[in-house]
Amino acid sequence: MSLTMDTLVSLCKRRGFIFQSSEIYGGTGSCYDYGPLGVELKQNIKRLLWRDFVQSRADMVGIDASILMHPTVWKASGHLDHFTDPMVDCRECKLRFRADHVDTLPWTHYCPATKGNKFTIPPGEPCSHCGARRTLCPDCGKGELTAPRQFNLMFKTFMGPVEEDASVAYLRPETAQAMFVNFDNVLQSMRMKLPFGIAQAGRSFRNEITPGNFIFRTREFEQMEIEYFVNPHDTVEGRPADEYWHDRWIADCMAWFRRYGLSGENLRLREHDKDELSHYSKRTVDIDYRFPIGWSELMGIANRTDFDLRQHAKFSGKSLTYFDEERKEHVVPYVVEPAMGVDRALLAFMADAYVEEEVRGEKRVVLRFHPELAPVKVAVLPLLKKRDEIVRTARAIRADLAKQWRVVYDDTAAIGRLYRRQDEVGTPYCVTVDVQTVGDSEKGEAGDGEVTIRDRDSMEQARVPMDALPAVFHDLLNGGAWSQVAARYPAAK
Ligand code: GAP
């Protein structure tokens, strides 16, 4: 089965993951709202990133900086001069395109050198007969395209009530710069020793010329970036420290995506060519993912050298150095930067988790999320919603488990339907309360106090005493094997 973006978009809307922004007004171009399940998934991604890359490491700390920064930051960083894309307009239909994107599309050409014969010319190539390049709009096919001109991607605004040049401010296009301008604050307040890193997760804004492909490229998105500072005079395992740490971060990020469920065959590393490198980069490697739109960048890991700290020292007049006690000298650290898009990570986790299978002649859609990513960990379902004791017990179980995890209660359909609904949003476990659990007081029958747990992936069941549920889920949701639970608490005795 090859998953399409349309299938994902439809599931996201239908099941409360992602909605078009301001949909009732016709939508805002390339802006999306995360719904009740989407926000849980996104928070889980950010929480795991923070736990694994910040909290658990002695060499990492975090910050949460303001989105509006001093405008000189963007002069020093190079964004005002270099953060541009080449843009072309169609003179006829007025649509705008990124010139480099237009070059990636084939085009139709009536060649004058061959008496007007029609050819489809491959992307980026001239006509092999007359040497002409594409000049017509890829959308309407009629209008001439203008010559490319550079367009700055930063959103501009004004601080305070007066719209004048002196009050211009920009919405940050990346979270990274706050880590550089706070380098000395963090160094001094936390008494850090090289190598160390500063992380930040937050919103970034880019006025992309051609956003699109759902949440893949939007104008407002979330990033989690790490600036990892190393001493350029150090060596690790016989290699310059910055080069060693660059490779280490590439491997660690790749392992992180694998750990939470992305399959190896959908991941690859892509080395940037020299002419593709950003103005600050000595080497950049992307982790690409095979999205439904094809192989595309999931995150980038760059060696930014000492470019940023030197630039900010120059423009602010403040020293941004580290005192190397051993060598008794001030050094400007080099920086390795793992830069991840949270929305792209979410899209990749959804695409990789999506499975369609046939069960007893019917289609079953499952999101096989890693339990730590799943928006809902457990769904508690009463087998009969007209039996008060069953409903009361199911609600009490939900309330008890919800002290630790996101747990939902649902009685709005028959049990088979409820299971399918939870499969489709990736809930790893369902708990069913039935007559056997609570007994039948009218007939004088006592309940056994046990409930059924159903495993999403195998669809197997186990019969577990109610008071054992917290311990069982603690185990299962922290990497415990379902087979052990199934063996200890068999469904049929
Ligand atoms: N500080 C370096 C930096 O921002 P980048 O490659 O421009 O590098 C890092 O961005 C990551 O941010 C990308 O790999 C991608 O995951 C995400 N990203 C960038 N632009 C985006 C956009 N318009 N929409 C969604 N995510 C985006």
Side-chain angles (χ1 to χ4, degrees), residues 5 18 21 28-32 34 42 45-46 49 65 67 69 73-74 76-79 82-85 98 100-101 151-155 170-181 197-228 246 249-250 253-254 256-257 262 267-272 276-289 291 293 295-305 307-309 311-312 335-349 351:
M5 197 65 109
I18 301 169
S21 162
T28 316
S30 97
C31 293
Y32 292 92
Y34 285 83
K42 197 175 184 192
I45 293 171
K46 288 192 284 183
L49 279 167
I67 286 171
M69 301 178 75
V73 167
W74 308 115
S77 70
H79 282 84
H82 301 293
F83 197 55
T84 54
D85 274 339
R98 256 175 72 170
D100 51 336
H101 283 183
F151 170 77
N152 196 293
L153 300 185
M154 282 197 293
F155 277 98
Y170 299 92
L171 301 189
R172 68 181 177 202
E174 62 174 19
T175 57
Q177 294 305 319
M179 272 84 94
F180 300 127
V181 302
I198 310 178
Q200 175 170 214
R203 300 228 170 210
S204 293
F205 302 82
R206 295 182 189 177
N207 201 0
E208 301 277 4
I209 299 169
T210 44
N213 289 317
F214 195 32
I215 55 168
F216 180 82
R217 180 171 284 106
T218 52
R219 294 192 169 113
E220 175 180 351
F221 53 96
E222 277 197 74
Q223 289 185 306
M224 160 109 179
E225 297 194 283
I226 292 167
E227 306 305 327
Y228 196 76
H246 195 188
W249 275 107
I250 294 167
C253 291
M254 196 65 145
W256 190 86
F257 283 117
L262 297 194
L267 287 165
R268 71 174 187 199
L269 294 177
R270 192 183 73 82
E271 193 87 29
H272 280 216
E276 189 193 351
L277 288 175
S278 306
H279 58 278
Y280 50 71
S281 175
K282 167 174 161 184
R283 178 186 172 218
T284 297
V285 174
D286 285 347
I287 295 183
D288 282 358
Y289 179 75
F291 287 96
I293 50 170
W295 285 103
S296 306
E297 178 187 336
L298 175 57
M299 72 173 293
I301 304 138
N303 182 342
R304 294 181 78 124
T305 68
F307 174 85
D308 301 271
L309 289 180
Q311 284 292 100
H312 287 301
V335 175
V336 173
E337 178 192 68
M340 187 185 294
V342 177
D343 311 80
R344 278 191 200 175
L346 186 144
L347 190 60
F349 282 125

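Ligands are counted one by one from 1 in listed order, and the atoms in each one are counted from 1 as well.
- Using modelled atom types, one finds a donor on one side chain and an acceptor on the other under 3.5 Å when comparing Q177 with H312.
- The residue from L298, L153, D288, N207 that puts a heavy atom closest to atom 16 (O) of ligand 1 is L298.
- Of the N or O atoms in R206, one or more lie within a sub-3.5 Å distance of an N or O in ligand 1.
- Just one of M254, E271, R270, H272 meets the side chain to side chain contact (heavy atoms under 4.5 Å, CB included) condition when paired with V285; it is E271.
- In this comparison of M299, E208, E297, the heavy atom closest to atom 13 (C) of ligand 1 sits on E297.
- The distance from ligand 1 to the heavy atoms of E174 drops below 4.0 Å at these ligand atoms: 1 (N), 2 (C), 3 (C), 4 (O).
- At a 3.5 angstrom cut-off on N or O pairs, A176 does not count as close to ligand 1.
- Aromatic pair W249/Y228: ring centres closer than 6.0 Å.
- For ligand 1, the atoms lying closer than 4.0 Å to a non-hydrogen atom of G300 are 14 (O).
- Contact atoms of ligand 1 toward R304: 1 (N), 2 (C) (distance under 4.0 Å to a heavy atom of the residue).
- At a 4.0 Å heavy-atom cut-off, ligand 1 touches R217 through backbone and side chain alike.
- Taking 4.0 Å as the cut-off, T218 counts as a neighbour of ligand 1 on heavy-atom distance.
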